[in-house]
Amino acid sequence: MSRYVYDFFEGHKDRKDLLGGKGANLAEMTRMGLPVPPGFTVTTEACREYLRTGDLPDGLFGEVEEHLRLVENRRGKSFGDPADPLLLSVRSGGKFSMPGMMETILDIGLNDHSVLGLAAHTGDAHFAWDSYRRLIQMFGKTVYDVPGEDFDAELAKARAAAGGEELGVAELEDLVNAYKKVFYAHTGRAFPQAPHEQLYLAIAAVFKSWNAERAVLYRRQERIPQDLGTAVNVMAMVFGNRGPDSGTGVAFTRDPATGRRGVYGDYLQNAQGEDVVAGVRNTISLTELATIDPVSYRQLLSIMQRLEQRYRDLCDIEFTIENGNLWMLQTRVGKRTPAAAFVIAAQLADEGVISLDEALQRVSGEQLAQLMFPHFDDAAAPAPLTTGVPASPGAAVGAVVFDSVAAAAATGPVILVRRETNPDDLPGMIAAQGVLTARGGKTSHAAVVARGMGKTCVCGAEDIHVGETVFTVNGHIVRAGDVISIDGTTGRVYSGAVPVKPSPVVRYFEGELTPHGDVLLSAVERLMIHADRKARLAVHANADTATDASRARRFGATGVGLCRTEHMFLGDRRVLVERLILAENETERDAALAALLPLQRTDFEELFAVMDGLPVTVRLLDPPLHEFLPPLEDLTARVARAEALGEDPGRDGELLIAVRRMHEANPMLGLRGVRLGLVVPGLFAMQVKAIAQAAAARVAAGGNPQPEIMVPLVGAVQELETVRLEAEAILSEVVGAPRIRVGTMIEVPRAALTAGQIALEAEFFSFGTNDLTQMTWGFSRDDVEGEFFGRYLDLGIFPASPFETLDRDGVGELVRMAVDRGRAVRPALTVGVCGEHGGDPASVRFFHESGLNYVSCSPFRVPIARLEAGRAACAAAGSDSR
Ligand code: PEP
Ligand code: MG
């Protein structure tokens, strides 16, 4: 038969599965000989049993009674003794901390008789009656769902009658009677007087609180499994509200905000723990305890030191002092800010407490990302106008503009607001501080481009209705020129200018700040060096311009894994693309391509120059050509206007015909990528020639260019073979070019399935996991995040958007299969990833495990991927890096 109850003497800190975090840590402190009030833990297994059957399991009662007797012996008091009662606290405690999510009940064991005994024995009737009214309130709320407001209303009435906050004994007695009436009114029964009944009802209520709505939601958000159950800790009460030589406090062994060494915490004299949490009175700094009670203070410091040594990490502590005696109520490895996480990990490694490998496991890419974004000063932020998809993190403030022309013309900072963006908006995006769209998800054009530029972006803010010169949102009207603030980390959109704090960590990566003398920057440097030393995955960047590439290089990228050449076709050059599209014969088409060639060549030369000595993977043109033409609605309106005025629509008329001809119901699955290269004669050839000529020019100038040519959207080996043969013919004709490898993206499920055939023609693979996710799930990457992902996340269909964190089971399986099949025919095949997942911490771990050679991500995510690549390499197999 299972055993359900463990005395604090019997457990230890590594039994969190069974005893929960709180129970395991209370046991550890008890074993260390620290002053922990006696008690026991009812296991998570008992909770799972309760949740399964709806009843406390058989055998539990006998075990509880047995352990209760031990507690009674140690305290020298009996549970239920009316003259001098032992009182108990009942607290929840799951394996993972869920602050404030589940229940606690204090002072169990008090009733109409023992309240008098407690008053007589302590000589403090006020304390006894106050404890009783707290019990009725907590018990009522937790066990019977009595609304807390009803108790609060009685308390407010009593205070009003007494003319102040403090109630006398007689008033507290009246309040207890009023609380009992509230209890009766809601439950139809009198407040239970039998201490054992109180105890078992309390234990069952804590078990039940595991499935409270807020707890379920919290676990979903924090990715804590829903089936673990909580343990219950039953402990003899000690009281911090017994007079000025009593009190309660929280303490940290280091500063959880900055990581600095020292004593941090708060203390509240003559109070119970819940008063601290509820902020009933102002606390004082822990250091003041040194004056109030120097003996307890010194004892506390020595305990804190021992706890840190035992846990080898920052600990947080809850304690109570009862009439000058210190009691430890709780400890755990403490939560901390991202900055403190880096500082503490590096400090503990310096102090020889942990190894550098372990230090690396104590920080995460998400924390580094937090440190790299400029932040809004949250305290100064008003209520948001709305919240959209947080697509590219950061904080941007500027005047609203609605098009690229206005953005480029503006003299001050602007936010580009669009229904959705298209390639035409690129100049506006470059000019703007941030981008806000009403439509589109995390892999929409706006999001991908913004992230590439490290620009703040909120997209898919569906409450926003974008007009020509105003947008409306939830009843507010925002006009061109009005200032707004957008938070790309939370998706919030604010009216007005919210103050922004720049990131020193980015300035350090940029080379503008040195770490000397700065604790945080030194810690970041130390851990980044170690991560690079350990990493097996290289980190490349997705960069389309020399500017982006040089930033990526400063941030530690060792190559460009994806240069999207379509971004080189924008701006002034768009008209050349238009000419290509409108060409009616070979001569016109050749002329258009010939005009594009030198421009492409210059771009590549600049890119190869900043990445000298490192690989640069250039992807041939991917998007459908009509994306380079004005939108159908704009053209239709312009032509209609011209016709209404009896004017010749001129070029617009021609463009409209072309756009209509090329219109596709689903362009993402249409004429793009390699398909485009195979039907538009000369297009890929021009790009290949530009790459080869640029490389030859760099060689002639003494450089060491290492370009690679990547073919997008391949689904069949025959497509790749055709392009490769054409490319190699051109490459062989360019005098002085280095050898240039030709490879492919794997972004169509068929390419993954036939990777064994494709590898015969490809010298490298790069997984385009944006398209691969879209096509594997059948999710339109531009639409679904705004449309129904929220609901899917709520339902737990997936824990995170598959466009953000790689779906290991589905898309991941295709990745693994393609790597295996590709390497089976070409063992030296280089394999990387260049979808957005390349910079996502959880996905980097997967790519490491799948044996990829590199990940490629936007320049700003390069340090994050470097850190995660190092962490993945030195994570102990199966270790929990939560
Ligand atoms: C991809 O599909 O993952 C990819 C990198 O290509 P793009 O995002 O340009 O379609
Ligand atoms: Mg793609």
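Order of appearance sets the numbers: ligands from 1, and atoms from 1 within every ligand. All values below were derived from every heavy atom in this structure, side-chain atoms included, with hydrogens, water molecules and symmetry-related copies excluded.
Salt bridge present: E578 and R574 bring a charged side-chain N and a carboxylate O closer than 4.0 Å. For the pair R439 and E462, the salt-bridge criterion is not met [side-chain N within less than 4.0 Å of a carboxylate O].
One finds the OG1 atom of T776 at 10.0 Å from the CG atom of D771 (value rounded to the nearest 0.5 Å). Atoms CE and CZ, on M817 and R821 in that order, are 4.5 Å from each other to the nearest 0.5 Å.
S550 contributes no side-chain N or O that, together with a main-chain N or O of V610, makes up a donor-acceptor pair within less than 3.5 Å. Within the 3.5 Å criterion, the main-chain N or O of S843 finds no donor-acceptor partner in the side chain of H848.
If you number the atoms of ligand 1 from 1 as listed, the ones under 4.0 Å from a heavy atom of C834 come out as 5 (C). Residue-ligand proximity, M745 to ligand 1, at heavy-atom distances under 4.0 Å covers atoms 4 (C), 5 (C), 6 (O). Less than 4.0 angstrom separates some heavy atom of R564 from each of these atoms of ligand 1: 4 (C), 5 (C), 6 (O), 7 (P), 8 (O), 9 (O). Taking a cut-off of under 4.0 Å to the non-hydrogen atoms of E747, the atoms of ligand 1 that pass are 1 (C), 2 (O), 4 (C), 6 (O). Those atoms of ligand 1 that come under 4.0 Å of a heavy atom in L562, given as number and element, are 5 (C). Of all the atoms in ligand 1, the ones that sit under 4.0 Å from a non-hydrogen atom of R672 are 10 (O). Those atoms of ligand 1 with a heavy atom of R781 less than 4.0 angstrom away are 2 (O), 7 (P), 8 (O), 10 (O).
The part of D622 lying near ligand 1 is the side chain, judged by heavy-atom distances below 4.0 Å. Contact annotation: for T769 versus ligand 1, heavy atoms closer than 4.0 Å belong to the backbone alone.
Donor-acceptor pairing under 3.5 Å is recorded for the side chains of D840 and T805. Side-chain contact of T437 with E420: a donor-acceptor pair under 3.5 Å is absent, judged by distance alone.
Under the side-chain hydrogen bond (donor to acceptor under 3.5 Å, both in side chains) rule, R619 has a single partner from E566, Q687, E708, which is E566.
The residue among L772, T773, D771 with a heavy atom at the shortest distance from atom 2 (O) of ligand 1 is D771.
Shown here are the protein N/O/S atoms lying under 2.8 Å from the Mg ion (ligand 2), water excluded: E747 OE1, D771 OD2.
In this structure, the side chains of I758 and T744 come closer than 4.5 Å at one or more pairs of heavy atoms. Side-chain atoms of S766 and Y854, non-hydrogen and from C-beta on, do get closer than 4.5 Å to each other. Between T456 and Q433 there is no side-chain heavy-atom pair separated by less than 4.5 Å.
Ligand 1 lies nowhere less than 4.0 angstrom from a heavy atom belonging to E836. For R619, the closest heavy-atom approach to ligand 1 falls below 4.0 Å.
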